[in-house]
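One-based numbering along the sequence shown. All values below were derived from every heavy atom in this structure, side-chain atoms included, with hydrogens, water molecules and symmetry-related copies excluded.
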Amino acid sequence: YAGCLSSHTFQSKYTKLLHLRIKFFSMSDPNIGRLLGNRYQLQELIGSGAMGRVYRAKDTLLGGVPVAVKFLTLSIQNEKMRLEDRFEREAKTCALLGQKSIHIVRVMDYGVDETYYVMEYLQGQTLGEIIRKKHLTLPRFLSIAKQIGLVLQCAHDGIPVDGEICPIIHRDIKPGNIMVIQDPSF
């Protein structure tokens, strides 16, 4: 959830340590259990990076449907205006791209009083985790590579901004930012 790319076809020591670290921070995280926007109940910290923290939450208005909520990191909020604009642009870009391709995670909501956005929750592994486990056959690799190519083409084809088509360049493409989920239809 660091970016907005996902692929729908799709534990080393490091991964286990990362999961333990996230679980430790989740236990001491005051946001756990918090109801955000009278709608999203934060349940667990599932990721963090330079731009923000991502929580698994449930949408209480939709009967507990799982969602992912990304917040702008508090330490970054000191440079508030520039980074909030960038974060808002990320949310809007992902929302527009999600309309163009099934391979891109959907953005469903955006915080007005707080800097966050809500995405569909994807259950799976990052491509980085799969590579570390060495569970990547040639046919699976080719399928994933094709889907990544389709996503990048979709982004490079652009989104409408103020009446113009603007190409998108993802600045953080890496295996850890690509979610691989099981979907037998691919």
Approximate separation, where rounding is to 0.5 Å, of [X] [atom1] and [Y] [atom2]:
X: H156; Y: H170; atom1: NE2; atom2: NE2; answer: 10.0 Å
X: K58; Y: R39; atom1: NZ; atom2: CZ; answer: 14.0 Å
X: M179; Y: I104; atom1: CE; atom2: CD1; answer: 15.5 Å
X: L97; Y: H103; atom1: CG; atom2: NE2; answer: 13.5 Å
X: I148; Y: L127; atom1: CD1; atom2: CG; answer: 5.5 Å
X: T60; Y: L36; atom1: OG1; atom2: CG; answer: 10.0 Å

Under a 4.5 Å cut-off applied to non-hydrogen side-chain atoms, are [X] and [Y] in contact?
X: K133; Y: Q125; result: yes
X: E120; Y: L122; result: yes
X: S48; Y: V54; result: no
X: Q99; Y: L96; result: no

Apply the test salt bridge (Lys or Arg N to Asp or Glu O under 4.0 Å) to residues K100 and D157: give CA-CA distance (whole Å), side-chain angles for both, the deciding distance (0.1 Å), then the verdict.
CA-CA 10 Å; K100 292 178 66 172; D157 287 346; 5.3 Å; no
side-chain contact (heavy atoms from CB on, under 4.5 Å) assessment of V69 paired with L42:
CA-CA 8 Å; V69 179; L42 303 179; 4.1 Å; yes
With side-chain contact (heavy atoms from CB on, under 4.5 Å) as the test, would you mind laying out the steps for M119 and K70 before giving the verdict?
CA-CA 8 Å; M119 303 169 277; K70 183 174 182 178; 3.9 Å; yes
Taking [Y] as the starting point, is it possible to reach [X] by hopping between hydrophobic residues whose side chains are less than 4.5 Å apart?
X: L138; Y: I131; value: yes
X: L150; Y: V105; value: no
X: L142; Y: I178; value: yes
X: L61; Y: Y117; value: no

Answer yes or no: is there a donor N or O on one side and an acceptor on the other, between the side chain of [X] and the main chain of [Y], under 3.5 Å?
X: T93; Y: R89; result: yes
X: E164; Y: P160; result: no
X: R106; Y: G98; result: yes

Show the nearest heavy-atom pair for residues [X] and [Y], with the distance to one decimal.
X: T126; Y: G176; value: CG2-O, 3.5 Å
X: C166; Y: V161; value: SG-CB, 3.8 Å
X: Y40; Y: V67; value: CD2-CG2, 3.9 Å
X: Y110; Y: A91; value: CD1-CB, 3.6 Å

State yes or no: are the ring centers of Y116 and F71 separated by less than 6.0 Å?
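For Y116 and F71, the ring centres are under 6.0 Å apart.
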Residues R34 and E114 bridged, charged N to O under 4.0 Å:
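Looking at R34 and E114, the cut-off is met.
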For the pair V107 and V118, evaluate side-chain contact (heavy atoms from CB on, under 4.5 Å) and give the outcome as yes or no after the intermediate values.
CA-CA 6 Å; V107 172; V118 180; over 6 Å; no
Return yes if a side-chain donor-acceptor contact under 3.5 Å exists between Y55 and N31, otherwise no.
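Yes.
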Please say whether more than 12 non-hydrogen atoms of neighbouring residues, nucleotides or ligands are located less than 6.0 Å from NZ in K146.
no
Any chance you could pull the hydrophobic cluster mates of L62, using side-chain heavy atoms under 4.5 angstrom and chaining through other members?
V65
When you look at D59 and D109, which way does the side-chain contact (heavy atoms from CB on, under 4.5 Å) test go after all the steps?
CA-CA 11 Å; D59 185 337; D109 201 0; over 6 Å; no
